[in-house]
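Structure first, commentary second.
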Amino acid sequence: MSRGLGDTHQQFRSLQVIAHHIKSEETFLQTLEREDSIPDMAKRLAREAVNGEISSNKRLFMDFLYNLIATSGEKERRIDVEMTFVLIGRDIFEVDRCQLWYDDLEVSMPFEIGEKFGKSMMDEDFGDIVQKITSFYKAAEARFDRELSGSLDRCSLLVLQEHYPQSAYHITMRLPARILNEYPISL
């Protein structure tokens, strides 16, 4: 049985709900840490319970994400991932944003997805990170150029270099979400 257009849209809406729930749980943990009137033992127990639920929800998010990618056809919807990495000096490599685009709708993905994708993209070798990301992007762009019949409006790379107050790079990369199939991520 083939899945209809409505099914992929429902899957995306489910991803939005899961992402919102994860965000609210993370906000609760931040609020819990700032509250001084709660005893330490109660904080610790609440933190353990909520962290367990967050981990479970992130795994659920990944299951729904891979299912969405697998069941949607490229002709139906445009499903892309966009990640923004920040490189400060040679030591600090962080994920600033990790987004899933479904046509013109977006949902924030757990930052661990971008973190693990970034590490697998560089084969855990953090030499010249900007060059590695650029090389990775060029290879992916060439691949999607062939697969999408020359339609590269879904592929983009923006590299900004910041000089003050310290040297840093802000790298934003957008590719079709199918790229995650070659770099499976588990949370």
Side-chain angles (χ1 to χ4, degrees), residues 9-69 79-127 129-130 132-133 158-175 177 179-180 183-187:
H9 192 72
Q10 286 175 321
Q11 289 173 346
F12 177 76
R13 291 293 182 197
S14 295
L15 280 173
Q16 285 182 313
V17 169
I18 295 167
H20 177 72
H21 189 67
I22 291 169
K23 183 71 175 163
S24 67
E25 289 172 324
E26 290 172 341
T27 301
F28 170 75
L29 284 179
Q30 291 171 354
T31 305
L32 180 69
E33 289 304 316
R34 289 189 300 256
E35 186 57 52
D36 294 331
S37 63
I38 300 173
D40 288 339
M41 179 65 122
K43 277 186 182 182
R44 184 179 62 78
L45 292 173
R47 199 172 29 248
E48 287 174 6
V50 173
N51 278 329
E53 187 173 337
I54 289 173
S55 295
S56 176
N57 286 332
K58 287 180 178 180
R59 287 190 300 274
L60 181 65
F61 183 93
M62 288 303 298
D63 289 344
F64 270 77
L65 175 62
Y66 279 118
N67 190 42
L68 177 67
I69 294 169
I79 303 172
D80 300 332
V81 291
E82 181 178 284
M83 298 177 195
T84 302
F85 304 103
V86 177
L87 173 65
I88 301 172
R90 293 229 174 250
D91 302 336
I92 301 173
F93 177 73
E94 295 179 345
V95 177
D96 186 40
R97 283 186 38 201
C98 190
Q99 302 292 116
L100 175 70
W101 287 91
Y102 179 80
D103 288 337
D104 292 332
L105 303 173
E106 69 177 296
V107 64
S108 293
M109 298 189 297
F111 77 92
E112 292 93 343
I113 294 172
E115 185 178 73
K116 289 186 177 193
F117 180 75
K119 286 179 180 177
S120 65
M121 182 173 47
M122 291 180 272
D123 297 325
E124 301 286 338
D125 178 27
F126 293 94
I129 294 175
V130 176
K132 285 183 182 270
I133 291 175
L158 176 65
V159 179
L160 300 173
Q161 184 175 16
E162 181 181 349
H163 293 288
Y164 183 80
Q166 62 185 357
S167 180
Y169 287 93
H170 301 268
I171 304 163
T172 302
M173 178 172 50
R174 183 173 178 159
L175 293 168
I179 196 74
L180 294 177
Y183 300 88
I185 297 166
S186 61
L187 299 179

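None of the values given here were measured: they were computed from a predicted structure.
Smallest separation of non-hydrogen atoms from F117 and M173: CE2-CE, 4.0 Å. Of all the heavy atoms in P184 and Y66, the pair that sits closest is CA-OH, 3.4 Å. Contact between G114 and C98 at its shortest, heavy atoms only, is N-SG, 3.5 Å. Across all their heavy atoms, L32 and A46 have their closest contact at CD2-CB, 3.8 Å. The shortest heavy-atom contact between V107 and L15 is CG2-O, 4.1 Å. In this structure, V81 and M109 approach most closely via the heavy-atom pair CG1-CE, 3.9 Å.
Atom CZ of F61 and atom CD1 of I113 lie 5.0 Å apart (nearest 0.5 Å). Annotation: the span from L180 atom CG to K116 atom NZ amounts to 13.0 Å, rounded to 0.5 Å. Of the inter-residue distances, the one linking F64 atom CZ with I18 atom CD1 reads 4.5 Å to the nearest 0.5 angstrom. Here the CE-CZ distance, from M83 to R97, works out to 11.5 Å after rounding to the nearest 0.5 Å. Between the OG atom in S24 and the CG atom in L29 there is a gap of 10.0 Å [rounded to 0.5 Å]. The distance from the CG atom of L68 to the CD1 atom of I79 is 4.0 Å, given to the nearest 0.5 Å.
For the residue pair Q99 / S108, a side-chain donor-acceptor distance below 3.5 Å is found, with atom types taken as modelled. When only modelled atom types and interatomic distance are considered, Q16 and R13 share a side-chain donor-acceptor pair under 3.5 Å.
S56 contributes no side-chain N or O that, together with a main-chain N or O of G52, makes up a donor-acceptor pair within less than 3.5 Å. Y169 places no side-chain N or O within 3.5 Å of a backbone atom of V159 that could act as its donor or acceptor partner.
For E112, the salt bridge (charged side-chain N to carboxylate O under 4.0 Å, His left out) criterion is met by K58, not counting sequence neighbours. Shown here are the salt bridge (charged side-chain N to carboxylate O under 4.0 Å, His left out) partners of R47, two or more places apart in sequence or in another chain: E33. Residues that satisfy the salt bridge (charged side-chain N to carboxylate O under 4.0 Å, His left out) test with R34, not counting sequence neighbours, are absent from this structure.
The side-chain heavy atoms of S186 and M62, taken from C-beta on, include no pair separated by under 4.5 Å.
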